[in-house]
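Here the structure is a predicted model, which is why all the values come from computation and not from measurement. Scope of the values below: all heavy atoms of this structure, side chains included, with no hydrogens, waters or symmetry mates.
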Amino acid sequence: MRSMTGYGHSTYRSDDFVIECVIKSYNNRYLDIVHNMSQALQEYEALVDERIKEKARRGRVEVSLKLHVLKSKVELTVDEGLASAYREAFHRLSDIADTPSPLLSDFTSIEGIITPVGSDDSSQYREGVEAVLDEALAAFAEGRDREGEGTRKDLERLGEQFASSLDRIKARSGELEAHYRKLLEEKYEDLTGRKAGETDFISELGAILVRYSINEEVSRLGVHIEEYRKLISSDEPVGKKLDFLCQEMQRECNTIASKSQLVEINLLVVSMKDDVENIREQIRNIE
């Protein structure tokens, strides 16, 4: 089980440059990768995405990949022909206008006279990019696994609380049927003045008990609990499955509450519904 929140950081240093990688993730329904990369490293975006998808299935993942150049390989070239042409033009203008000769700054402000020429081969950064990605992703995945294991323990505790309440409801389900039987017998006697025992009463009683029996709901919740235990023990992403399962568990609890008139059972249902809400709160943060 993995959390959807995580953090990883790594730095790669060479004599000529430094590459820094920071990976952070937050809760999200789907996998959403957001990039913040130096221009010289943008061609590695596909590589970054591929590596992240090996570690994460869901979540908003923010990746910062920054390049800091320590030794520039840029050289400056001078277009001597262009500079000579401007010099001659400046001198002619100076003679005509009787103004001072041009300054060096007049030439440096002209586009094209001085041109920076540097290596734009970004392949030199590949080793560094792969190194920082591997290290940052390892820390990122370790943090997600560690937090996910903590969440698993909480889910186990909440699941066992829910199962314990369900067992207590199951043990008292017979009391609920006895309660309705007694209630109906008393009502029958009040209305007819006769003891309940006639065939028509027994038939009606059976129909009502079927309508208000919680045996099916208790049985389905037992199946849900077994599935819940399997899911939280799985190493696969189970967040969506658990969310759907919690909806089903909540629905069965609501049905039991609507059928029961016993305070003891209703209090147990309230506790179970609270457990389910706490479970849903926890699984919002797992894959």
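Checked against side chain to side chain contact (heavy atoms under 4.5 Å, CB included), Glu236 has the following partners two or more places apart in sequence or in another chain: Arg57, Ser234. Residues passing the side chain to side chain contact (heavy atoms under 4.5 Å, CB included) test with Tyr26 are Lys24, Glu62, sequence neighbours excluded. With sequence neighbours excluded, the residues forming a side chain to side chain contact (heavy atoms under 4.5 Å, CB included) with Glu147 are Ser3, Thr5, Asn285, listed by chain and number.
Here Glu281 contributes atom CD and Leu158 contributes atom CG; the two are 11.0 Å apart, rounded to the nearest 0.5 Å. Expressed to the nearest 0.5 Å, how far CZ of Phe244 lies from CG of Leu231 amounts to 11.5 Å. The CD atom of Glu127 lies 9.5 Å from the CD1 atom of Ile19; values are rounded to the nearest 0.5 Å. In this structure, the separation between CG on Leu65 and CD on Gln42 is 10.0 Å, given to the nearest 0.5 Å. Rounding to the nearest 0.5 Å places NZ of Lys153 at 12.5 Å from CD1 of Ile232. Separating the CD1 atom in Ile52 from the NE2 atom in His35 is a distance of 6.0 Å, to the nearest 0.5 Å.
A heavy-atom distance below 4.5 Å is not found between the side chains of Leu242 and Gln282. Counting only heavy atoms from C-beta outward, the side chains of Asp15 and Leu70 never approach each other to under 4.5 Å. Counting only heavy atoms from C-beta outward, the side chains of Leu31 and Arg58 never approach each other to under 4.5 Å. Between Leu221 and Ile169 the shortest side-chain heavy-atom distance does not fall below 4.5 Å. Between Tyr12 and Glu135 the shortest side-chain heavy-atom distance does not fall below 4.5 Å.
Salt bridge Glu142/Arg146: present, at least one basic N to carboxylate O contact under 4.0 Å. Salt bridge status for Arg229 with Glu160: present, with a side-chain N to carboxylate O gap under 4.0 Å. Classification of Arg51 and Asp134 as a salt-bridged pair holds, one side-chain N sitting under 4.0 Å from a carboxylate O. A salt bridge is absent between Lys53 and Glu50; no separation between the charged side-chain nitrogens and carboxylate oxygens falls under 4.0 Å.
A salt bridge (Lys or Arg N to Asp or Glu O under 4.0 Å) check over residues 266-278, counting only residues at least two apart or in different chains, returns nothing.
Hydrophobic clustering, defined by side-chain heavy atoms of Ile, Leu, Val, Met, Phe, Trp and Tyr closer than 4.5 Å, groups Val263 together with Leu267. Grouping Ile, Leu, Val, Met, Phe, Trp and Tyr by side-chain contacts under 4.5 Å, direct or through others, puts Val22 with Tyr7.
Residues Ile279 and Gly159 share a closest heavy-atom pair of CD1-N, 4.4 Å. Closest of all the heavy-atom pairs between Arg2 and Asp235 is NH1-O, 4.5 Å. For the pair Ser25 and Phe140, the tightest heavy-atom approach, listed with the atom from each and the gap, is OG-CE1, 3.2 Å.
The backbone N or O of Glu80 sits less than 3.5 Å from a side-chain atom of Ser84, completing a donor-acceptor pair.
When each of Leu155, Leu245, Val238 is checked for a side chain to side chain contact (heavy atoms under 4.5 Å, CB included) with Ile283, only Leu155 meets the rule.
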